[in-house]
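A note on names: the letters A, B, ... follow the listed sequences, proteins ahead of strands, and every chain is numbered from 1. All heavy atoms count here, side chains included; hydrogens, waters and symmetry mates do not. Since this is a predicted model, take the numbers as computed values, not measurements.
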Amino acid sequence: MPEQVGFFTDTSVCIGCKACEVACKEWNQLPGDPPKYLDSFDNTGKLDAENYRHVKFIDLVPESANIITGNGAAWLMMSDICKHCTNASCMEVCPTNAIVKTEYNTVFIQPEVCNGCRDCISACPYGVIGFNEQTGVVSKCTFCYDRLQANMTPACAKACPTQSIQFGTLTDLHKKADARMAALQAQGYSQAQLYGRDDSVYGGLGAFFLLMDKPEVYGLPNAQNAKLPSRNNAKGYLGAFITAAVGVLAGLIAIRQNSDDSQRGD
Amino acid sequence: MAEHFVQPPHWEVWITLYFFLAGIAGGSYTLATMLRLWGSPRDEATARIAFTWAFPLVVVCGALLTIDLGKPLRFWHMMINTTPGSVGLNFKPWSPISLGTWALLIFSLFAFVSFLEVITKRGNDRNVSGAMIVWNIIGSLIALFLASYTGVVLSVSNQPVWSDSYAIGGLFVASALSASAAFLAFMSRFRSDDALPTESRLGLADGYFVTIELIMIVAFFVTLSNAGELWRETAMPWVIGWILILASFIPSLMTLRGRGRTRYSASGGAIAASRAVVGTGTGAIIVIIGVLILRFVVIYSAQFQ
């Protein structure tokens, strides 16, 4: 059994070059989309069936601030991807068992098993999975499963010029992340934090991040909101059961009440 | 407060219609069983109408679910795991879609047998075997599950609105019973000249169901408010949908209000049951369309803002 692998994405050194997006598209033969001209340098918009990597540009510069050299607020950049959760919401709900864990402990969608019900899209809290109209099934980052099997580094990590995206065994990546965190905190970056390094978010993430602000600023649910869909199973069924029981009782009262009346009149 | 960064699954018209018709199929089967068990003998005609409709409706449900799939010819992957090395049955009790697929399949069998039973019998006499009664009771339990699990499917997700409330399953089963009662009250008039008492009973039942539905709508709104997501329902155009849903309760509440209008003879026997407002064509259509709008608003408001 191979050791569990992962991505450590250090957003503090991301320069927004999108080399990861291009490399991912090339290797996975994903179609190019017509560019979107969004608020920033973001031409991709979101992760979906055609975009397994998405470089986010988060503009935190206040419009009215008196910005001069040395006191400006930087943009945040982050190369987003499937998190390959230890406890994956998509995998939990998938009724066809098309979503599986590979021998590398990454989350993989089997295109020949998926039937396109899209329940996984409603479950993924990161908005990672997209429906492909051409193939009729859903897809997302495969963690370059084919490259892993050939002992190659995933395309995005290979292409990243600043080592913002690092690939390796999770054990090694955790050590690197801890060291980088310590260095940043020593430099006074008190907001810096690791996301998905520990098990507070979906049991730990195969693709975890060093963030320079709160997770929600990057469009990531914080630990309080990172919940599995099954949390509503018991309460949902209990509510339905009680309502159904009350409904049957109400129906019984209605049918018996008037039934007695009509029988009296028969 | 809840935060959501999820994308919509684009469950749209086919799923809305499926949720709606599954509710009517399940609700009708349940009401038919209740009429058989607890109603007067002349309710049998309406029970038969319900058993006759439940099976075709559930067939349409299966077709709607299949059409909605990206790969319709792989509908059977819901039940059979085709993963290499793991071939076998797919049954995930913690996944409402998986559980619902099996429920739909099993209910189809119950509905089919009940369908055969009523179409092969002549007359409207209540001459039902004990085995068939047991069959109907078990079928009704599955039918109630079918009418409600669709709401749980929505709750067991990470979508805004859906995952913020665990009242949707209850809301769907109450509304399914209401739509079914209105549907049967209306349909009963075409089957028998002697259907007025049955119509009255179903009208009264519908009034109770709508009252329960109203309570579940309040529960739905309270849970959304607690999650900070109520604004999604009060925003345009969804608020119009909710106003229409509340307006659709009027025929049911009018029926409930007029339930004491049964006229009695001097000897104390009832000589006429009151006409249920939901039993009229207009009343029934208003109630049923209201339930369809409810499904539409709950499904679409979470996906489109």
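If you check the side chains of B:Ser252 and B:Asp206, you find a donor sitting under 3.5 Å from an acceptor. B:Arg201 and B:Ser40 share a donor-acceptor pair across their side chains, judged by distance under 3.5 Å alone. B:Tyr29 and B:Asn136 are linked by a side-chain donor-acceptor pair at a separation below 3.5 angstrom, with hydrogens and angles left out of the test. Counting only N and O atoms by type, the side chains of A:His54 and A:Asp48 include no donor and acceptor under 3.5 Å apart.
For B:Trp11, the parts sitting under 4.5 Å from any heavy atom of chain A are the backbone and the side chain alike. A:Leu220 touches chain B through its backbone: at least one of N, CA, C or O sits under 4.5 Å from a heavy atom, while the side chain does not. If you measure heavy-atom distances from A:Glu92 to chain B, the contacts under 4.5 Å come from both the backbone and the side chain. Contact annotation for A:Ser89: only side-chain heavy atoms (C-beta onward) come within less than 4.5 Å of a heavy atom of chain B. For A:Tyr237, the parts lying under 4.5 angstrom from a heavy atom of chain B are both the backbone and the side chain. For B:Phe91, no part lies near chain A; criterion is any non-hydrogen pair under 4.5 Å.
When the candidates B:Ile97, B:Asn90, B:Ile212, B:Ile215 are compared by the number of heavy-atom contacts under 4.5 Å with chain A, B:Asn90 comes out ahead. Between chain A and the options B:Ser163, B:Ala205, B:Ser148, the largest number of non-hydrogen pairs under 4.5 Å is found for B:Ser163. Highest contact tally toward chain A, considering only B:Leu144, B:Asn81, B:Leu154, is held by B:Asn81 [criterion: heavy-atom pairs under 4.5 Å]. Among the candidates B:Asp68, B:Leu177, B:Thr211, the residue making the largest number of heavy-atom pairs closer than 4.5 Å to chain A is B:Asp68. Heavy-atom pairs under 4.5 Å with chain A were tallied for B:Thr101, B:Thr83, B:Leu73; the largest tally goes to B:Thr83. When B:Val153, B:Thr30, B:Leu35, B:Ile80 are compared by the number of non-hydrogen pairs under 4.5 Å with chain A, B:Leu35 comes out ahead. Across A:Pro125, A:Ala244, A:Gly130, the residue that shares the most heavy-atom pairs under 4.5 angstrom with chain B is A:Pro125.
Of the residues listed (A:Tyr218, A:Phe209, A:Tyr126), the one engaging A:Asp80 in a side chain to side chain contact (heavy atoms under 4.5 Å, CB included) is A:Phe209, and it is the only one.
Other residues, nucleotides and ligands contribute over 12 non-hydrogen atoms within 6.0 Å of the OH atom of A:Tyr195.
Contact annotation: the side chain of A:Cys117 never approaches that of A:Thr96 to less than 4.5 Å [non-hydrogen atoms, C-beta and beyond].
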